[in-house]
Amino acid sequence: MAIKLASLVSVVLSLGSLALADPIPATDYDVIVVGGGPSGLSALSGVSRVRRTALLFDDQRYRTPPGEFRALAREQILEYPTASIVNRSVLSITPIGTDKVSAFSVMDADGQNHTARKVVLGTGLRDVLPDTPGLREAWGKGIFWCPWCDGYEHRDQGIGILGHLADVVGSVLEINTQYSDIVALVNGTQTAAGEAETEKRRPEWKKQLEVWNVKLDNRTISSIERLQDGGMVQDKADHRQFDNFRINFTTGDSVERNALLTNFPTVQQSSLPGQLHLNMTKDKIAVSSSSMMTSLDGLYAVGDANSDGSSNVPHAMFSGKKAAVYLHVQLSREDTASKISKRTGLSPSELEEEAHRAIGRNLEPQWDAVMSRR
């Protein structure tokens, strides 16, 4: 009887150990990336280089159109056999994992479901552009929001700053090393209230603008005309583009500028952060700066969409790579934990409880009978 009980106890403990193992969900991919801009492509590259299976969804909506960059990045990334890209939007993301191991179901615009253990959102921001005729048509082509991305190609040319008066000083501090001919086109925002807001945000703002010889034009803009396309007229050897715009007003003469830097509000490009009830910081997805992980375990946000404080192409690529490294290690930790027996380190009471959970308490009468004979 003692031998039989020993065998039963061995079986019970084995079952208990197996019950504690964290199951790794069977998914179509290790990682799904949503967004085909610099941050999403960087994340896809990062996970592909460590041979993680990954699918990237690209809805082909971009904040600015660096088409050559995306095309070259795609070509190189698709050389990795574990990487896939589809030009399709994502309708929903549903967590399907456990408390210990994340997994997600991703539905695309065709109604197909794809599963992955981790998801990266590189969905970006959308600039809320005013309905000024001609502005949207030239967006990203001589009219830009990031001086690090586009300013150098228009250096030493006449530039205009579009946006609220309160944003002008910040823009000037970003571009004063590249431009000396600066006109701030504040579109009627230089009012008593506008100046009070500017003074609150930028004390001595008038003196700061005077230092850099910035001219203020408060007239209401009626339209913007492209006179010359810098994509066609450029000096590639010297990395210069020669755009030219005519800014028309409701009163007075027009003004010509070679480039326009904008200061418009932004919103999330995608509705997915809201659907997932992610924590937000103003209009950005709140993330851990060390990992790019959101408030939902296993889901990361990279690029302009996240809250880590920067908005430019190098930053987007860095954040995508950072998320790729972190989630790869997280996946490896989960894989390792699932392969290690959970029996090690359990106390006798924990082992007993696991045994009871696995096969019930129907051995207690036999155990009591054995003990009564001793």
Side-chain angles (χ1 to χ4, degrees), residues 63-66 124-130 132 134-136 138-191 193-221 224 226 230 240-249 254-267 282-284 303-304 307-316:
R63 191 175 184 188
T64 53
L125 296 176
R126 176 172 57 85
D127 295 87
V128 183
L129 302 181
T132 305
L135 174 60
R136 191 174 300 276
W139 180 245
K141 304 171 183 177
I143 302 180
F144 52 88
W145 60 271
C146 176
W148 284 270
C149 304
D150 300 282
Y152 184 78
E153 286 70 24
H154 298 87
R155 63 193 183 278
D156 298 322
Q157 301 175 19
I159 191 169
I161 300 175
L162 296 177
H164 195 283
L165 176 67
D167 295 316
V168 171
V169 171
S171 292
V172 171
L173 295 177
E174 294 175 347
I175 66 173
N176 65 75
T177 57
Q178 302 210 76
Y179 304 93
S180 57
D181 180 3
I182 305 172
V183 177
L185 306 161
V186 296
N187 200 31
T189 61
Q190 190 177 2
T191 61
E195 290 195 357
E197 180 183 347
T198 305
E199 185 67 30
K200 182 179 179 180
R201 290 172 53 184
R202 300 283 186 177
E204 298 188 334
W205 61 273
K206 289 184 179 180
K207 292 182 180 179
Q208 293 184 63
L209 296 184
E210 288 174 3
V211 167
W212 300 108
N213 299 314
V214 178
K215 300 175 184 177
L216 282 174
D217 193 325
N218 192 43
R219 291 179 294 167
T220 300
I221 299 172
I224 298 174
R226 176 186 283 284
R240 290 181 184 272
Q241 295 179 1
F242 302 100
D243 293 275
N244 196 22
F245 298 94
R246 177 183 292 132
I247 298 89
N248 300 312
F249 305 91
S254 60
V255 170
E256 290 190 15
R257 296 281 86 187
N258 300 108
L260 295 168
L261 176 68
T262 68
N263 284 295
F264 298 129
T266 58
V267 295
K282 295 184 178 179
D283 63 337
K284 302 290 190 74
D304 292 351
S307 64
D308 73 338
S310 299
S311 293
N312 52 62
V313 171
H315 153 261

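FYI, side chains are in, hydrogens and waters are out, and symmetry mates aren't considered; it's all heavy atoms of this structure.
- Of the inter-residue distances, the one linking Lys206 atom NZ with Glu195 atom CD reads 4.5 Å to the nearest 0.5 angstrom.
- By the salt bridge (Lys or Arg N to Asp or Glu O under 4.0 Å) test, Arg219 pairs with Asp217, sequence neighbours left out.
- Without hydrogens or angle criteria, Thr189 side chain to Leu165 main chain gives a donor-acceptor distance under 3.5 Å.
- Residues satisfying the salt bridge (Lys or Arg N to Asp or Glu O under 4.0 Å) test with Glu256, not counting sequence neighbours, are Arg246.
- Between Leu260 and Leu185, the closest side-chain pair of non-hydrogen atoms falls below 4.5 Å.
- Here CZ of Phe144 is found 5.5 Å from CG of Leu261. Values are rounded to the nearest 0.5 Å.
- Arg226 is not listed as a side-chain neighbour of Ile143, based on a closest heavy-atom distance of 4.5 Å or more.
- Screening residues 174-184 for side chain to side chain donor-acceptor pair (under 3.5 Å), with sequence neighbours left out, gives Asp181-Arg257.
- Applying the side-chain hydrogen bond (donor to acceptor under 3.5 Å, both in side chains) criterion to Glu199, with sequence neighbours excluded, gives Trp205.
- Applying the salt bridge (Lys or Arg N to Asp or Glu O under 4.0 Å) rule to Asp308 yields no partners; only residues at least two apart in sequence or on another chain are considered.
- Smallest separation of non-hydrogen atoms from Trp212 and Gln208: CD1-O, 3.3 Å.
- Each of Ile161, Leu162, Asp127, Val186 was scored for a side chain to side chain contact (heavy atoms under 4.5 Å, CB included) with Asn263, with one residue passing: Ile161.
- Taken from CG in Asn248 to OG1 in Thr132, the straight-line distance is 11.0 Å, to the nearest 0.5 Å.
- Taking 4.0 Å as the cut-off between side-chain N and carboxylate O, Lys141 and Asp243 do not count as a salt-bridged pair.
- Side-chain atoms of Trp145 and Arg63, non-hydrogen and from C-beta on, do get closer than 4.5 Å to each other.
- Not one N or O on the side chain of Asn258 forms a donor-acceptor pair closer than 3.5 Å with the backbone of Asn244.
- Scanning for salt bridge (Lys or Arg N to Asp or Glu O under 4.0 Å) contacts around Glu197 gives Arg201, with sequence neighbours left out.
- The closest side-chain heavy-atom distance from Asn213 to Ile182 is not below 4.5 Å.
- Nearest heavy atom pair, residue Gly194 against residue Thr198, reads O-OG1, 2.7 Å.
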| message | Let's go through Thr220 and Phe249 carefully: what are the C-alpha distance in whole Å and the side-chain angles of both, what is the deciding distance for side chain to side chain contact (heavy atoms under 4.5 Å, CB included) to 0.1 Å, and is it a yes or a no? | response | CA-CA 6 Å; Thr220 300; Phe249 305 91; over 6 Å; no
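- Residue His164 holds its NE2 atom at 10.5 Å from CG of Asn187, rounded to the nearest 0.5 Å.
- For the pair Asn218 (side chain) and Gln190 (backbone), a donor-acceptor distance under 3.5 Å is present.
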